[in-house]
Chemist: 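Structure in structure tokens, see below.
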Amino acid sequence: MNWAITGTGAVASIGRDADEVFDALCAGRSGRAPLRGFDSRAYRAAHAYEIDDRPADGTDVPSRATAWLLRAVAEALRDAGLDEDLSATPVIVGTGLRELRSVELKWCEDADFDLGGLHFGTALRERFGATWTYTISNACSASLHALAMGSDLLTAGTAEAVVVAGVDTITASMFGLLDRVQLDPPDRVRPFDRNRRGTLMGDGAAAVVLTRADHPAARLARGRLRAASMNCDASHPTAPDPAGIAQAIRLAHEQAGIKADDVDLILLHGTGTSLNDEAEATALCDVFGGGIGRPLMTAVKSMTGHTSGGSGLLGLIVAARALAAGRVPPTIDLDTPAGAAGQFRFATGSTPPEETERLRIAQVDAFGFGGVNAVAIVEGVAA
């Protein structure tokens, strides 16, 4: 597999486009702020990583996730030098919650929202003329599962180019669920730190254009997708299984035709929860063995919060830009790595340029409820 990543687009709490998001991450800037979307007095946790684009009076409004998705797709098309006509191009969207926040607003506040907008296809058709759309609601690895599906369409010769996207917004119900199961409410996301207390949600959308190597847009490639593996170990509804994660990583390496020693950079899933962090660290130690301290690693959820279904694709965009630019975002608020992560070589704000400029191959991790695991391998191109 060797598909060109010809265009990227993103929006998150830390930036309005992919350039701004990447620069903010490299600067170690966090999107953490007091919760604004709904009354925080009903919850113990009081912070989130929100995109602050509500009306001036702070009132929450429906269809914000859809708006971010359309922005990210439009940016990716511009970045790829393509027009906005997607009438003949597949569009695959990965999400965890779709427009659930809009449904909450309709139910609780009688907001104006047509339930036909829940699945994104209508808005994509109206804006881009897209008639070939899929929405994959597959937990926190959804957008990398969408990436794998897009790759399969290219492999099968069904399309010359595909648009892959991921999006999620913070919902009151999911925020409340996390608030109930995290006994000591976190005030920030601290992946792999000994004093981590859990995860907080973040808003975000990301999109990429994938093309064949001989597509005219491929000359603008920001990176190359070498593999997109996925599996479902179905080990437990919520607790990740290190063996299933390790299997997904090995499958990605096999698809890409690389060995573990070839990986220079890992964009960790890193949710800041004990179960997720420990399972990911254990799996990585299993796959990389004595070489676990070689690849540089970073966990950007420390700055974006957990952007759920869109997080994997956001990590892919960051990985491609890091390889091209020779800059790697740090993992902030990481003081003492816990357990197996103590062997990891984390990127910091002071990582020497001579280390980051030599990076060529990156691995991007995304793992979700029910054991739906996905791993992507990206090869860099010169900036």
Chemist: Would you find a donor on one side and an acceptor on the other, under 3.5 Å apart, between the side chain of E379 and the backbone of R226?
Modeler: no

Chemist: Using a 3.5 Å distance criterion without hydrogens, assess whether the side chain of S311 forms a donor-acceptor pair with backbone atoms of T307.
Modeler: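 No: the side chain of S311 does not pair with the backbone of T307.
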
Chemist: Answer with yes or no whether the hydrophobic clustering places L268 together with L314; edges join I, L, V, M, F, W, Y residues whose side-chain heavy atoms lie under 4.5 Å apart.
Modeler: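 Result: no, two separate clusters.
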
Chemist: For atom CD of E254, decide whether the heavy atoms of other residues, nucleotides or ligands shown that lie under 6.0 angstrom number more than 12.
Modeler: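 Incorrect, the count does not exceed 12.
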
Chemist: Supply the atom-to-atom distance N195 CG to D333 CG, rounded to the nearest 0.5 angstrom.
Modeler: 11.0 Å

Chemist: Going by heavy atoms in the side chains, are D114 and K106 under 4.5 Å from each other?
Modeler: no

Chemist: Can you list, pair by pair, the side-chain donor-acceptor contacts under 3.5 Å of residues 362-372, counting residues two or more places apart and other chains?
Modeler:
| from | atom 1 | to | atom 2 | distance (Å) |
| --- | --- | --- | --- | --- |
| Q363 | OE1 | H253 | NE2 | 2.9 |
| Q363 | NE2 | D365 | OD1 | 2.9 |

Chemist: Just wondering, do R98 and F120 contact through their side chains at under 4.5 Å, heavy atoms?
Modeler: yes

Chemist: Start with the C-alpha gap between V181 and T238, add the side-chain angles, then the distance that decides, and say whether side chain to side chain contact (heavy atoms under 4.5 Å, CB included) holds.
Modeler: CA-CA 11 Å; V181 301; T238 57; over 6 Å; no

Chemist: Shortest non-hydrogen contact from L100 to S173?
Modeler: CD2-OG, 3.5 Å

Chemist: Atom CG in L115, atom OG1 in T122: separation rounded to 0.5 Å?
Modeler: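 The CG atom of L115 sits 11.0 Å away from the OG1 atom of T122.
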
Chemist: Test salt bridge (charged side-chain N to carboxylate O under 4.0 Å, His left out) on R29 and D23 and set out the steps.
Modeler: CA-CA 9 Å; R29 194 174 306 135; D23 288 343; over 6 Å; no

Chemist: Begin with the C-alpha distance, continue with both residues' side-chain angles, and end with the deciding distance and a verdict on side chain to side chain contact (heavy atoms under 4.5 Å, CB included) for L77 and L86.
Modeler: CA-CA 10 Å; L77 292 171; L86 294 178; 3.9 Å; yes

Chemist: Write down the atom of S13, the atom of G31, and the distance for their closest heavy-atom approach.
Modeler: OG-CA, 3.5 Å

Chemist: Heavy-atom count around D112 CG within 6.0 Å, excluding the residue itself: above 12?
Modeler: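 Atom CG in D112 is not crowded, with 12 or fewer foreign heavy atoms closer than 6.0 Å.
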
Chemist: Please check: side-chain N/O of N276 versus main-chain N/O of T273, any donor-acceptor pairing under 3.5 Å?
Modeler: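 Side chain of N276 to backbone of T273: no pair is present.
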
Chemist: Where is the tightest heavy-atom contact between D264 and R360, given as atom of each residue plus distance?
Modeler: OD2-N, 2.8 Å

Chemist: Is there a donor-acceptor contact under 3.5 Å from the side chain of T95 to the main chain of V167?
Modeler: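 Flag set: sc T95 to bb V167 pair under 3.5 Å.
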
Chemist: Any donor and acceptor pair, going by atom type alone, linking the side chain of S87 with main-chain N or O of G129 inside 3.5 Å?
Modeler: no

Chemist: Going by salt bridge (charged side-chain N to carboxylate O under 4.0 Å, His left out), D184 matches just one of R196, R44, R197. Which one?
Modeler: R197

Chemist: Backbone N or O of A172 within a donor-acceptor pair of the E104 side chain at under 3.5 Å?
Modeler: yes

Chemist: Could you tabulate the donor-acceptor pairs under 3.5 Å formed by side-chain atoms of residues 211-221, not counting sequence neighbours?
Modeler:
| from | atom 1 | to | atom 2 | distance (Å) |
| --- | --- | --- | --- | --- |
| R212 | NH2 | L154 | O | 2.6 |
| H215 | ND1 | A217 | N | 3.0 |
| R219 | NE | P216 | O | 3.4 |

Chemist: Is D286 salt-bridged to R250, cutoff N-O under 4.0 Å?
Modeler: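 Answer for the salt bridge query: yes.
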
Chemist: Over 60° means perpendicular and under 30° means parallel, so tell me whether F192 and F346 are parallel, tilted or perpendicular.
Modeler: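 Plane angle between 30° and 60°, so tilted.
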
Chemist: Would V328 end up clustered with F22 when hydrophobic side chains under 4.5 Å apart are linked, directly or stepwise?
Modeler: yes

Chemist: Please report the closest heavy-atom contact between F344 and L284, naming both atoms and the distance.
Modeler: CZ-CD1, 3.8 Å

Chemist: D60 versus R101: any side-chain heavy-atom pair under 4.5 Å?
Modeler: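 A side-chain contact exists here, since the closest heavy-atom pair is under 4.5 Å.
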
Chemist: Would you check if the side chain of D193 reaches a backbone N or O of P337 as a donor-acceptor pair within less than 3.5 Å?
Modeler: no

Chemist: Between W68 and I51, is a side chain to side chain contact (heavy atoms under 4.5 Å, CB included) present by the stated rule, with each step listed?
Modeler: CA-CA 9 Å; W68 303 331; I51 296 174; 3.6 Å; yes

Chemist: Would you say D233 and S235 are linked by a side-chain donor-acceptor pair, where the criterion is simply a distance under 3.5 Å?
Modeler: no

Chemist: Establish, from distance only, whether the side-chain atoms of S151 and W3 form a donor-acceptor pair under 3.5 Å.
Modeler: yes

Chemist: Find the distance between CG (L177) and CD (Q182) and round it off to the nearest 0.5 Å.
Modeler: 9.0 Å

Chemist: If you measure from the Lys or Arg side-chain nitrogens to the Asp or Glu carboxylate oxygens, is any gap between D261 and K259 under 4.0 Å?
Modeler: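 No, this pair does not count.
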
Chemist: With a 4.5 Å limit on heavy-atom distance, are the side chains of N138 and M230 in contact?
Modeler: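 SC-SC contact between N138 and M230 ruled out.
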
Chemist: Pair V11, D17 - check side chain to side chain contact (heavy atoms under 4.5 Å, CB included), show working.
Modeler: CA-CA 5 Å; V11 56; D17 56 40; over 6 Å; no

Chemist: Report whether L144 and L210 are members of the same hydrophobic cluster (ILVMFWY, side-chain heavy atoms less than 4.5 Å apart, transitive linking).
Modeler: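 Result: yes, single cluster for both.
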
Chemist: How close do G7 and D79 get, heavy atom to heavy atom, and via which atoms?
Modeler: CA-OD2, 3.4 Å

Chemist: Would you indicate whether the side-chain heavy atoms of S30 and R188 approach each other to under 4.5 Å?
Modeler: no

Chemist: Tell me whether I136 is reachable from V91 by hopping between hydrophobic residues (I, L, V, M, F, W, Y) whose side-chain heavy atoms are closer than 4.5 Å.
Modeler: no

Chemist: Distance-only, no hydrogens or angles: does the T8 side chain make a donor-acceptor pair with backbone N or O of I317 under 3.5 Å?
Modeler: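 No.
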
Chemist: Quick one: does L316's side chain get under 4.5 Å of V378's, heavy atoms only?
Modeler: yes

Chemist: Is there a side-chain contact between Y49 and I170, using heavy atoms and a 4.5 Å cut-off?
Modeler: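 A side-chain contact is absent here, since even the closest heavy-atom pair is not under 4.5 Å.
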
Chemist: State whether the side chain of R71 and the backbone N or O of R16 hold a donor-acceptor pair below 3.5 Å, judged by distance alone.
Modeler: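 Judged by distance alone, yes, a pair lies under 3.5 Å.
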
Chemist: How long is the gap from CG on L97 to CE on M201, to the nearest 0.5 Å?
Modeler: 5.5 Å

Chemist: Do the side chain of S302 and the main chain of P191 share a donor and acceptor less than 3.5 angstrom apart?
Modeler: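 Not confirmed, S302 side chain does not pair with P191 backbone.
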
Chemist: Are Y43 and L178 grouped together when hydrophobic residues (ILVMFWY) are joined by side-chain heavy atoms under 4.5 angstrom apart?
Modeler: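 Hydrophobic grouping puts Y43 with L178.
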
Chemist: Does a donor on one side chain sit under 3.5 Å from an acceptor on the other, for E99 and S63?
Modeler: no

Chemist: How would you list, by chain and number, every residue that makes a salt bridge (charged side-chain N to carboxylate O under 4.0 Å, His left out) with E50, sequence neighbours excluded?
Modeler: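 For E50 the salt bridge (charged side-chain N to carboxylate O under 4.0 Å, His left out) partners, ignoring immediate neighbours, are R54.
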
Chemist: Side chains of T169 and D203: is there a donor and an acceptor less than 3.5 Å apart?
Modeler: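 D203 and T169 do have a side-chain donor-acceptor pair below 3.5 Å.
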
Chemist: Around D110, counting heavy atoms of other residues, nucleotides and ligands shown, do more than 12 lie under 6.0 Å from its CG?
Modeler: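 Not more than 12 within 6.0 Å, no.
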
Chemist: Looking at side-chain heavy atoms only, is the closest gap between I361 and L265 below 4.5 Å?
Modeler: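 No. Closest side-chain heavy atoms not under 4.5 Å.
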
